[in-house]
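This report concerns only the one structure given below.
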Protein chains: 2
Amino acid sequence: MNTTIQAPQSPGAPKTARGARTRAKILKAAEDTFGTLGYHRAGVTDITRAAGVAQGTFYTYFSSKEEILRELVMDLGHKLRAHLAAEVISTDERLEAEEQGLRAFLQYLADHPSLYRVLQEAQFVDEAIYQEYYETFARGYADMLNAAARKGEIRAGNNQHRAWALMGLSHFLGMKYALWDQRAKQGEDAFDPIVETMSDLLRNGLALSGRERG
Amino acid sequence: MNTTIQAPQSPGAPKTARGARTRAKILKAAEDTFGTLGYHRAGVTDITRAAGVAQGTFYTYFSSKEEILRELVMDLGHKLRAHLAAEVISTDERLEAEEQGLRAFLQYLADHPSLYRVLQEAQFVDEAIYQEYYETFARGYADMLNAAARKGEIRAGNNQHRAWALMGLSHFLGMKYALWDQRAKQGEDAFDPIVETMSDLLRNGLALSGRERG
DNA sequence: TCAAAATATGACAACTGATTCAGGTTTTAT
DNA sequence: ATAAAACCTGAATCAGTTGTCATATTTTGA
């Protein structure tokens, strides 16, 4: 028999430098095209035109439009996580890390708006990969919170619930202030007021502290 | 000239009881169909089949597939807000209202999962209506927080930022626990642990309180 | 009761857009 | 240098969709 066990659904990785370059061009073009036109309005034609190759070339590296979206989601996810990890090394105090993480996320989203659209649209094209994206993120997040709780840096509590809550918080703040509100994007410290509000919320909650009460 | 200022883009409201009934059937069918198949996979054919009418009838009441989605978004938004308002009347203490609101939202989402999908997909079909949905929600939310701050029930702070953060928090918790996690949906008080975690987070934050510290 | 208005029908025109394919070009390796 | 492998091309295919329309039925109101 001698059949290959795992037939790759993608047509095959490029075997030369030229191929690798072309594949990368197409992937980048897909990111841009999906980012501006959206997944459904963007045709394979638009992607290949943006990449400067013929339609047929697309199928040399990707078996379908859906597949390139999946590829893109994983790619963008890796890049974001790498970026955030790099930005948050300077402290290991959890609540400070939380602030830096939020600031970095907002800035990253303002600089890479396609991330948002590609990811959110992927949800309706391949729900599994969308879930996996956030489950992965949540796992890592909850682990960090658990570690902080063990070290006595934060209150005890359900850190899985908290992780999802914090992701949602970042997501919505990013959507509103990094993507929709143009003026918020100006300048290096544009997101400071937001980060500060969240810092207070996460440190102290909304209830008045002892001396403020009464 | 005597031109009508505001030409209705929708073909015209039904003028008989039968027409109103048919329109309502189609709208409901669209909600279900978009909810299960998604906006793009769902054809007008699927909607009319589910409604039990001919394809052509669709265009008696809606000028396009896009328009019925807009209609639906506004409709679902009104219903959700009405539901939440009704569920949160029993208290006027803000932090307690927050808990009740979250619980009601999670339960509502578990009971009306199409709300989520229709709304989120609308974002990529007509971004303006999606933004309007959340801006409206946020305005009301921020107003309530401002009132609570004036009454001295919560800490001072930027309540617009907080409103978006809290919406995101609810959104993600709903997505994860009301839609994705099947087991979480069982029973009346299924969401209690989540609400409790959030209650603690919103009241006290994550930092240790005075006596826990050290 | 009966003409006019409203509603319903479903076949179909017109179009879109993903994927295939047969053949050309470039690169690799001997 | 040259055969084989890899890569690229873009016109053609093909499946599916939205929205239209001429016609039929039902409801309204005088």
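Numbers restart at 1 for each chain; the letters A, B, ... are given by sequence-line order, proteins then strands.
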If you restrict it to nitrogen or oxygen atoms, what contacts under 3.5 Å exist between nucleotides 9-15 of chain D and the protein, and what is each distance?
residue	atom	partner	partner atom	Å
D:dT9	OP2	A:Ala54	N	2.8
D:dT9	OP2	A:Thr57	OG1	3.1
D:dG10	N7	A:Gly56	N	3.2

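Among the atoms of the strands shown, only primed sugar atoms or phosphate atoms (P, OP1, OP2) are found under 4.0 Å from some heavy atom of B:Ala42.
In terms of phosphate contacts, B:Tyr59 brings no side-chain nitrogen or oxygen within less than 4.0 Å of OP1 or OP2 of D:dC21. Distances shown here put a side-chain N or O of A:Thr22 below 4.0 Å from the OP1 or OP2 atom of D:dC8.
Listed by chain and residue number, nothing satisfies the ring pair (Phe, Tyr, Trp, His ring centres under 6.0 Å) test with A:Tyr141 (two or more places apart in sequence, or in another chain). For B:Asn158, the side chain to side chain contact (heavy atoms under 4.5 Å, CB included) partners two or more places apart in sequence, or in a different chain, are A:Thr197, B:Gln160, B:His161. With sequence neighbours left out, the salt bridge (Lys or Arg N to Asp or Glu O under 4.0 Å) criterion links B:Asp111 to no other residue. Contacts of A:Tyr134 classified as ring pair (Phe, Tyr, Trp, His ring centres under 6.0 Å), with partners at least two apart in sequence or in another chain: A:Tyr130, B:Phe172. The side chain to side chain donor-acceptor pair (under 3.5 Å) test applied to B:Gln123 returns A:Tyr116, not counting sequence neighbours. With sequence neighbours excluded, no residue forms a salt bridge (Lys or Arg N to Asp or Glu O under 4.0 Å) with B:Asp92. Partners of A:Tyr61 by ring pair (Phe, Tyr, Trp, His ring centres under 6.0 Å), not counting sequence neighbours: none found. Residues meeting the salt bridge (Lys or Arg N to Asp or Glu O under 4.0 Å) test with B:Glu127, sequence neighbours left out: none.
Remark: the B:Glu99 side chain and the B:Ser199 side chain contain an N/O donor-acceptor pair separated by less than 3.5 Å.
Rounded to a whole Å, the CG atom of A:Leu69 is 13 Å from the P atom of C:dA18. Computed from coordinates, the A:Glu67 CD to C:dA18 C1' distance equals 14 Å when rounded to whole Å. If you measure from atom CZ of A:Phe62 to atom P of C:dA18, you get 15 Å, rounded to the nearest angstrom. Regarding B:Leu37, its CG atom lies at a distance of 14 Å from the P atom of D:dG16, rounded to whole Å.
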With B for base contact, S for sugar-phosphate-only contact and - for none (protein heavy atoms under 4.0 Å), nucleotides 22-30 of chain D reads ----SSS--
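Sequence neighbours left out, the pairs with a member in residues 76-86 of chain A that pass side-chain hydrogen bond (donor to acceptor under 3.5 Å, both in side chains) are A:Asp75-A:Lys79.
Listed by residue number, there are no residues of residues 27-36 of chain B with a heavy-atom contact under 4.0 Å to DNA chain C.
No salt bridge links A:Glu132 with A:Arg139; every basic N to acidic carboxylate O contact stays at or beyond 4.0 Å.
The nearest heavy atom of DNA chain D to B:Tyr39 and to A:Tyr61 marks one nucleotide each, and the one closer to the 5' end goes with A:Tyr61.
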